[in-house]
Amino acid sequence: LGTNENPALKFIGVAKCSPEDTFDIEIGAKISYRRAKRAMLVAIRNEVRAEIKKGKEYAKIYQDIYNDLTKSIEELKQSIYDITD
């Protein structure tokens, strides 16, 4: 299975059977497809989780910057009021 974002990225599923069993190519293909699909979905889920975590970290950084700037502006306003009063 390839992904839309990166068509060169492929996931491979492997189907095996016991030496005592007769391998059925149709069933083997279904098993390997499902395993590849599961691997792809797990990889996508992990990427989404990583992006969400990164987004939360960026949001905190920007919130901290906003808070620092707001505090500096308020301190500057107060010092101007102190000078003019």
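- Within 6.0 Å of atom CD in Glu26, 12 or fewer heavy atoms from other residues, nucleotides or ligands are found, so the atom counts as exposed in its surroundings.
- The closest side-chain heavy-atom distance from Glu47 to Glu51 is not below 4.5 Å.
- One finds the CZ atom of Arg34 at 13.0 Å from the CG atom of Leu41 (value rounded to the nearest 0.5 Å).
- The hydrophobic cluster containing Ile27 also includes Ile31, under a criterion of side-chain heavy atoms closer than 4.5 Å among ILVMFWY residues, counted directly or through chains of members.
- Tracing side-chain contacts under 4.5 Å through hydrophobic residues (I, L, V, M, F, W, Y), one reaches Ile44 starting from Ile52; they form part of the same cluster.
- Alongside Val42, the hydrophobic cluster contains no other residue (criterion: ILVMFWY side chains under 4.5 Å).
- In the hydrophobic clustering of ILVMFWY residues, with side-chain heavy atoms under 4.5 Å counting as a link, Leu69 and Ile61 come out together.
- Note on Glu74 versus Lys77: salt bridge recorded, some NZ/NE/NH1/NH2 to OD/OE distance being below 4.0 Å.
- Counting only heavy atoms from C-beta outward, the side chains of Phe23 and Ile25 approach each other to under 4.5 Å.
- The structure places CD1 of Ile83 at 10.5 Å from CD of Gln78, a figure rounded to the nearest 0.5 Å.
- Under the 4.5 Å side-chain heavy-atom criterion for Ile, Leu, Val, Met, Phe, Trp and Tyr, Val48 and Met40 are members of the same hydrophobic cluster.
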